[in-house]
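Scroll down for the structure; my scribbles are underneath it.
For clarity, every value in this text was computed on a predicted model and none was experimentally measured. As the structure lists them, so they are numbered: ligands from 1, and atoms in each ligand from 1.
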Amino acid sequence: MLNFDYEIPTKILFGKDKIKQLGSEIKKYANRILLLYGGGSIKKIGLYDDVIKILKENSIEFQELGGVQPNPRITVVREGIRLCREHQLSFILAVGGGSVLDTAKAIAAGFYYQGDAWDFYLRKASVKKALPIGTILTLAATGSEMNGNSVINDEATESKLAIGSLLLYPKFSILDPVYTFSLPPEQTAAGVVDIMSHIFEQYFSPETGTAVQDRLSEALLKVCIQYGPIALREPTNYEARANILWAGSLALNGLLLYGKTGDWSTHNMEHELSAIYDLTHGVGLALLTPFWMEYVLSEKTVEKFVDFAQNVWGIVSNDKFVAAHQAIDKTREFFKSIGMPATLREVGIDDQRLEVMSNKAVRFGALGNFKQLNSGDVLQIFKNAL
Ligand code: NZQ
Ligand code: ZN
């Protein structure tokens with residue numbers, strides 16, 4: 001295990017009706033805020049009206065910015081920064097899924113930066129100061145509600161890039177499982193895959209002696225495998241929604257990564273797909289993950305797959321590679337069983353731009369720590385996934 005500093009500065013308000021604390025939480029930071037949301041799902045479920053009522057009751061002045069799209073665009077970030085500056089807003093309330101939350105973080109960072117906010121994502125600038133943000137999450141997936149990451153798309157260059165900073169952790173996040181009841185099946189399933197993928201990215205890491213992190217990871221994977229199908233069959237099952245929601249936050253708040261490096265190749269490869277093809281993040285992860293697993297499985301990495309097989313899927317075999325392959329097959333079957341596609345062609349992606357995506361994926365250097373991948377490796381995985 002590597003050395004680490006443990007710090008997760010987000011206050012989580014978890015459970016039904018926790019929105020009642022919204023007014024008092026915001027007033028700790030500001031009374032003029034930006035209210036940020038997506039394409040309208042929060043209006044359909046009545047959450048928008050509840051938020052407006054609370055803001056008015058608490059005399060919190062606000063400007064609104066709606067229309068944040070999945071695979072959120074840097075253009076909306078620029079508009080948000082302009083609004084915050086023009087109206088002297090000093091807090092951002094993000095209501096929605098990861099795309100809304102990530103946009104809020106980009107605005108928060110860009111507010112104090114004189115250049116263009118996209119510079120952060122190009123690694124030309126680092127976040128020195130940020131507006132405080134709070135979130136009300138409506139989709140269990142990204143963990144953005146409890147981490148300092150933000151992933152933004154630039155349509156002009158067909159790029160999707162990420163930043164991370166301790167300054168971008170939300171001050172508070174309200175996690176009411178009821179808000180996730182309205183998720184369509186594809187988003188529920190893609191969210192479960194995203195959560196599982198975050199766990200895989202940290203579980204499949206080269207460090208040894210990380211039993212705490214690894215056993216926690218296996219437990220969270222089992223929660224997803226148990227409750228994902230229930231949430232799909234019974235969208236209003238509170239227990240299922242609550243467990244998936246909390247698993248999502250714990251999967252990417254740092255807890256599983258402290259003392260480890262993680263891998264993140266699959267995420268970087270997926271971001272190339274959703275940068276060009278506007279694919280749902282979890283859908284891309286579902287089809288790439290088993291191919292990545294097959295590609296990195298070797299004499300050097302097999303022990304981790306043996307743990308995964310035994311502790312997550314209950315697979316035991318005298319032959320390590322048999323166990324590993326069975327676990328990968330089980331993973332693929334599980335994703336299929338919750339309605340996820342298994343190949344690039346199923347989502348309308350052919351071989352036309354695989355090389356472009358492979359080269360872009362390594363723009364900041366080789367991917368991965370569990371096994372390092374160069375552009376040729378990435379291309380091979382994309383080809384295998386066709
Ligand atoms: O826009 P609205 O109308 O709200 O609809 C959204 C959107 O169409 C809908 N939705 C959200 N909550 C709903 C709902 N529909 C009905 N009922 C609800 N309760 O779901 C659609 C997808 O929303 P989005 O926010 O895009 O999904 P998600 O939370 O999966 O976020 C995905 C984005 O986060 C990035 C991804 O790359 C992608 O851009 N990621 C962010 C990470 C982070 N910040 O740590 C890490 C992840 O690995 C990931 O890369
Ligand atoms: Zn993800």
Counting from 1, what ligand 1 atoms have a heavy atom of [X] closer than 4.0 Å?
X      : value
Pro184 : 15 (N), 16 (C)
Gly38  : 1 (O)
His198 : 46 (C), 47 (C), 48 (O)
Lys160 : 36 (C), 37 (O), 38 (C), 39 (O)
Pro72  : 39 (O)
His267 : 48 (O)
Gly97  : 25 (O), 29 (O)

Residue, atom name and distance, where the atom is the protein heavy atom closest to [atom]:
atom                    : answer
atom 11 (C) of ligand 1 : Thr138 OG1, 3.6 Å
atom 23 (O) of ligand 1 : Leu139 CD1, 3.5 Å
atom 42 (C) of ligand 1 : Thr142 CB, 3.7 Å
atom 2 (P) of ligand 1  : Gly39 N, 3.3 Å
atom 16 (C) of ligand 1 : Ser182 O, 3.5 Å
atom 4 (O) of ligand 1  : Ser41 OG, 2.6 Å
atom 29 (O) of ligand 1 : Gly98 N, 2.6 Å
atom 30 (O) of ligand 1 : Ala141 CB, 3.7 Å

Give a yes/no verdict on whether any heavy atom in Ile42 is under 4.0 Å from an atom of ligand 1. no
Gly40 near ligand 1 by a heavy-atom separation under 4.0 Å: yes
Is there a path of hydrophobic side-chain contacts, each under 4.5 Å between heavy atoms, that joins Phe172 and Ile54? yes
Linking I/L/V/M/F/W/Y whenever any side-chain heavy atoms sit under 4.5 Å apart, do Leu287 and Met340 land together?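 Yes, Leu287 connects to Met340 through the hydrophobic network.
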Does any N or O in the side chain of [X] come within less than 3.5 Å of the main-chain N or O of [Y], such that one atom is a donor and the other an acceptor?
X      : Y      : result
Thr301 : Val296 : yes
Tyr238 : Lys16  : yes
Ser173 : Ile12  : no
Arg353 : Asp350 : no

Between [X] and [Y] (salt bridge meaning N to carboxylate O under 4.0 Å), is one present in this structure?
X      : Y      : value
Lys371 : Asp263 : no
Glu155 : Arg73  : yes
Glu333 : Lys336 : no
Lys304 : Glu207 : no
Arg363 : Glu272 : yes
Glu355 : Lys383 : no

Test of understanding: given a 4.0 Å heavy-atom threshold, classify the contact between [X] and ligand 1 as side chain, backbone, both, or neither.
X      : value
Tyr179 : backbone
Gln69  : neither
Asn147 : side chain
Asn153 : neither
Thr280 : neither

Please report whether ligand 1 has a polar contact with [X], defined as an N or O pair separated by less than 3.5 Å (distance criterion only).
X      : result
Lys105 : no
Gly143 : no
Thr180 : no
His281 : yes
Ile45  : no

Do Ile8 and Met146 come within less than 4.5 Å of each other through their side chains, counting heavy atoms only? yes
Tell me whether the Zn ion (ligand 2) has Asp194 as a neighbour, meaning an N, O or S atom of it below 2.8 Å.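 Yes, Asp194 qualifies, because one of its backbone or side-chain N, O or S atoms lies under 2.8 Å.
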Measuring from atom 22 (C) of ligand 1, which candidate in Gln187, Glu201, Glu270 has the nearest non-hydrogen atom? Gln187
Closest to atom 13 (C) of ligand 1 among Leu183, Leu279, Val100 (heavy-atom distance):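 It is Leu183 that holds the nearest heavy atom.
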Between [X] and [Y], is the ring centre distance below 6.0 Å?
X      : Y      : result
Trp118 : Tyr121 : yes
Phe305 : Phe204 : yes
Phe308 : Phe200 : yes

Vertex the Zn ion (ligand 2), arms to His267 NE2 and His281 NE2, rounded to 10°: 100°
Would you call the rings of Tyr48 and Tyr37 parallel, tilted or perpendicular, taking 30° and 60° as the class edges?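 Ring orientation, 0 to 90° scale: perpendicular.
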Over 60° means perpendicular and under 30° means parallel, so classify the ring planes of His281 and His271, tilted if in between.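 Because their plane-to-plane angle lies in the 30° to 60° range, the rings of His271 and His281 count as tilted.
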Could you tell me whether atom 9 (C) of ligand 1 has a protein heavy atom closer than 4.0 Å? no
